[in-house]
Amino acid sequence: MASDDIYKAAGTDAGRGDWKRQDLNAGALFHSSSGFGTGDWRAVERCITSSVKGFAIGIGLRGGLTLFAIAGRLKQRGAKRGHSLKQPAKELIICGLKETLRYGVFLGSFAGAFSTLDEAIASFGGFWRTARWRALVAGALAGPLLLLTGGNKPQTSLAIYLLLRASVLAARCCIKSEKIGRFCRPLAWKHGDVLLMCLSSAQILSAWILNPESLPASYISFLNKHGGKDNLVVRCIRDMAFGNYSTDLEKIEKCYRPIGVGFQHMPGMRILCKIIHGNDGCISHFFRFLAEAYIRALEVYIPVYLIPAIIVHRQALLQKNNDSLLKTALGTARSSLFLSVYCASTWLWTCALCRVIGKCSCPVVALATFPSGLAVMIEKKSRRMEIALYCFARALESFAICIPSLGGKSQKPYTKQMNFIDAFLFSIATGIIMHCYSQEREVFQSRYLNVLDWVFGIPHDGPPLIKPLISMPSIYYLLGCIGQGRLHFYHMKK
């Protein structure tokens, strides 16, 4: 085969299978012997662009969530302390800006590092020669940049969540495999996301009531807000579950009085329904709570849907595309309904089960919070697994912390020996995810592929090939001619 034919084959689908021929000269992919080639500029441009886009996404997502969180905290403090909020507000804003900047730097650095490693490996090892494992190595090596989010605040939940996402992608790859696909059929059960959400709910909600120290402070704050009950009510339920009947019933009566709910307490009262919703009935309390919880849920999901819509569908929004606006509004309304039903049904199931069994205990609370996960069926099928995996990551972390307490031992969530466990898990997850993104793209949903392509832009067709002055086929041909000449000279001499 001539030298020109080899370089033409490298740009076709038929030529991709034989990387040995295409990578005879790995440097030809990015370099020419005359100097800094166009492929080098493409690689540099890709690395810089990925860093900028990653930084922008980190700033946009984290900044929007932080902005709404600061607004909610200022609203709560303003209701309690009046107008003496100048210094606390300044501190909240500064902390929010620092956290937003850290996440922007982290995502920008990760995107830039991955693209740089991907280009470097392709340059030195050959584009097609390293195609099967290059993204795996680059993603794993860029993973420790998670430490840029702040060493004093481990991101174990984020690492576990991404590791679960990577496990789902790996399971999809196994399912479509001809060799081991039949052994992985149970992983494709269509209601597996609902079961996962129910298991997560049983751990998270029971931990919130019975052992709140096993959950992060931010998550406790989220549950306290959307749980819709005063801390005294939750503490009283905890005391009843452990057999210690609360003496704060008069304080609970004062909590219900401002919202117009009657409460008649008696010494040693053991009726959980009265503590949860006073003199209201279980069904009437469910609908009253549902309306209030829906308003609270809107504050969460408006930024969750609006900020990505501005980033991803900004052109459609600028053109006043009603379809994009309608999808964003419907998604916000639907997810808000899910969260409100999830919280309201938790109290309804707790009341119902305690009435049936006749007592309140730790196993009863855990069992009552299990069916709350059924509320995830309100969400779209494509979002159920996302929510289930996010909650399951929190549940696994909380469960690991709760295990030592079962034996009467207390353990801090993070020890000195586990300072970098989040970076280690994150590296494994990013390696698997980026490998699937590069080699198994069909296991991703289209919207995720669009975002990943926009940020990383992995070149699947290979960079433009530049012929070197002396190619390897030419050297082989020259050596062959020399060998034939020597053989002819030997026969003539003989």
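Quantities reported herein were computed from a predicted structural model and do not represent experimental measurements.
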Colleague: Please give me the minimum heavy-atom distance between E119 and C47, naming the atom from each residue.
Modeller: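 Result for this residue pair: CG-SG, 4.3 Å.
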
Colleague: Do the side chains of W454 and T49 get nearer than 4.5 Å, heavy atoms only?
Modeller: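 SC-SC contact between T49 and W454 ruled out.
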
Colleague: For residues 191-204, which residue pairs qualify under salt bridge (charged side-chain N to carboxylate O under 4.0 Å, His left out), counting only residues two or more places apart or in two chains?
Modeller: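 Those involving residues 191-204 are D193-K381.
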
Colleague: I need the M385 CE to L389 CG distance, nearest 0.5 Å.
Modeller: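 Between M385 CE and L389 CG, I get 5.5 Å after rounding to 0.5 Å.
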
Colleague: Given side chains that start at C-beta, do those of R384 and M197 come closer than 4.5 Å, heavy atoms only?
Modeller: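 Of all side-chain heavy-atom pairs linking M197 with R384, none is under 4.5 Å.
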
Colleague: Would you check if Q203 and C402 make a side-chain contact, meaning some heavy-atom pair closer than 4.5 Å?
Modeller: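 Yes, side chains in contact.
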
Colleague: Please give me the minimum heavy-atom distance between I433 and F444, naming the atom from each residue.
Modeller: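 The answer is O-CZ, 3.7 Å.
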
Colleague: Can a cation-pi geometry be assigned to R296 and F289, taking NZ or CZ under 6.0 Å from the six-membered ring centre and within 45° of the ring axis?
Modeller: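 Yes - R296 lies over the ring of F289, closer than 6.0 Å to its centre and within 45° of its axis.
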
Colleague: Between atom CD of E386 and atom CD of Q445, what is the distance when rounded to the nearest 0.5 Å?
Modeller: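 The distance works out to 6.0 Å.
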
Colleague: Please answer whether the main-chain N or O of G60 pairs with a side-chain N or O of Y103 as donor and acceptor at a distance below 3.5 Å.
Modeller: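 Not at all, since once roles are kept as given, no pair shorter than 3.5 Å links the two residues.
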
Colleague: Shortest non-hydrogen contact from A207 to S214?
Modeller: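 Result for this residue pair: CB-OG, 3.5 Å.
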
Colleague: Going by heavy atoms in the side chains, are L215 and L223 under 4.5 Å from each other?
Modeller: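 With C-beta onward as the side chain, the pair touches.
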
Colleague: Can you tell me how the ring of F456 sits relative to the ring of Y437, calling it parallel under 30°, perpendicular over 60° and tilted otherwise?
Modeller: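 Tilted.
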
Colleague: Return the CZ to NZ distance between R334 and K380, rounded to the nearest 0.5 Å.
Modeller: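 Spacing of CZ (R334) from NZ (K380) equals 7.0 Å.
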
Colleague: Using 0.5 Å steps for rounding, measure from the CG atom of L61 to the CG atom of L107.
Modeller: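 That separation rounds to 8.0 Å.
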
Colleague: Looking only at heavy atoms, which two atoms of V364 and C354 are closest? And how far apart?
Modeller: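 Result for this residue pair: CG1-SG, 3.8 Å.
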
Colleague: Spell out, as yes or no, whether a donor-acceptor pair under 3.5 Å connects the side chain of H435 to the backbone of R132.
Modeller: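 Side chain of H435 to backbone of R132, a donor-acceptor pair under 3.5 Å: yes, one is there.
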
Colleague: Can the ring centroids of F426 and F106 be said to lie less than 6.0 angstrom from one another?
Modeller: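 That pair passes the under 6.0 Å test.
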
Colleague: Kindly compute the distance separating CZ (R46) from OG (S115), expressed to the nearest 0.5 Å.
Modeller: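 These two atoms lie 4.0 Å from each other.
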
Colleague: What is the distance from atom CG of L145 to atom OG of S427, rounded to the nearest 0.5 Å?
Modeller: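 Rounded to the nearest 0.5 Å, the CG-OG separation comes to 8.5 Å.
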
Colleague: Looking at R102 and T149, would you say the former's side chain and the latter's main chain have a donor-acceptor pair under 3.5 Å?
Modeller: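 Such a contact is found between R102 side chain and T149 backbone.
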
Colleague: Within the structure provided, determine whether R235 and L232 are in side-chain contact (heavy-atom separation under 4.5 Å).
Modeller: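 R235 vs L232: side chains touch.
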
Colleague: Has W208 got a side-chain atom pairing as donor or acceptor with Y219's backbone, closer than 3.5 angstrom?
Modeller: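 No, the answer is negative, given that no donor and acceptor are paired below the 3.5 Å cut-off.
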
Colleague: Are any side-chain N or O atoms of S340 and backbone N or O atoms of A293, one a donor and one an acceptor, separated by less than 3.5 Å?
Modeller: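 Side chain of S340 to backbone of A293: no pair is present.
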
Colleague: Without placing hydrogens or testing angles, list every side-chain donor-acceptor pair under 3.5 Å for residues 366-377, not counting sequence neighbours.
Modeller:
from : atom 1 : to   : atom 2 : distance (Å)
T369 : OG1    : V365 : O      : 3.1
T369 : OG1    : A366 : O      : 2.9
S372 : OG     : T346 : OG1    : 3.1

Colleague: Are D422 and L158 side-chain neighbours, meaning at least one heavy-atom pair lies under 4.5 Å?
Modeller: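 In short, these two side chains do not touch, never coming nearer than 4.5 Å.
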
Colleague: Above 12 or not: heavy atoms from other molecules or residues under 6.0 Å from CH2 of W349?
Modeller: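 Incorrect, the count does not exceed 12.
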
Colleague: As a quick check of understanding, evaluate side-chain contact (heavy atoms from CB on, under 4.5 Å) for I237 and W347, giving each step before the final call.
Modeller: CA-CA 11 Å; I237 298 174; W347 300 120; 3.7 Å; yes

Colleague: Where do D118 and A138 come nearest, in terms of heavy atoms and distance?
Modeller: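 For D118 and A138, the tightest heavy-atom pair comes out as N-CB, 4.0 Å.
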
Colleague: Verify side-chain contact (heavy atoms from CB on, under 4.5 Å) between L117 and V137, making sure each step is shown before the conclusion.
Modeller: CA-CA 8 Å; L117 291 168; V137 175; over 6 Å; no

Colleague: What is the minimum heavy-atom distance between L164 and A393, and which atoms define it?
Modeller: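 Heavy atoms of L164 and A393 come nearest at CD1-N, 3.7 Å.
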
Colleague: Find out whether I387 and F338 are in side-chain contact, i.e. whether some heavy atom of one side chain is under 4.5 Å from a heavy atom of the other.
Modeller: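 Touching, per the 4.5 Å side-chain cut-off.
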
Colleague: Would you say the side chain of N224 lies within less than 4.5 Å of the side chain of N231, judging by non-hydrogen atoms?
Modeller: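 Yes, side chains in contact.
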
Colleague: For C391 and I204, run side-chain contact (heavy atoms from CB on, under 4.5 Å): C-alpha distance rounded to whole Å, both residues' side-chain angles, the deciding distance at 0.1 Å, then the answer.
Modeller: CA-CA 8 Å; C391 294; I204 291 175; 4.0 Å; yes

Colleague: Kindly assign one of parallel, tilted or perpendicular to the pair Y305 and Y301, based on the angle between their ring planes and the thresholds 30° and 60°.
Modeller: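 Y305 vs Y301 ring planes: tilted.
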
Colleague: Step by step, work out the side-chain contact (heavy atoms from CB on, under 4.5 Å) result for F114 and T430.
Modeller: CA-CA 10 Å; F114 172 81; T430 50; over 6 Å; no

Colleague: Using modelled atom types and a 3.5 Å cut-off, is there a donor and acceptor pairing between side-chain atoms of S336 and backbone atoms of T332?
Modeller: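 Yes: the side chain of S336 pairs with the backbone of T332.
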
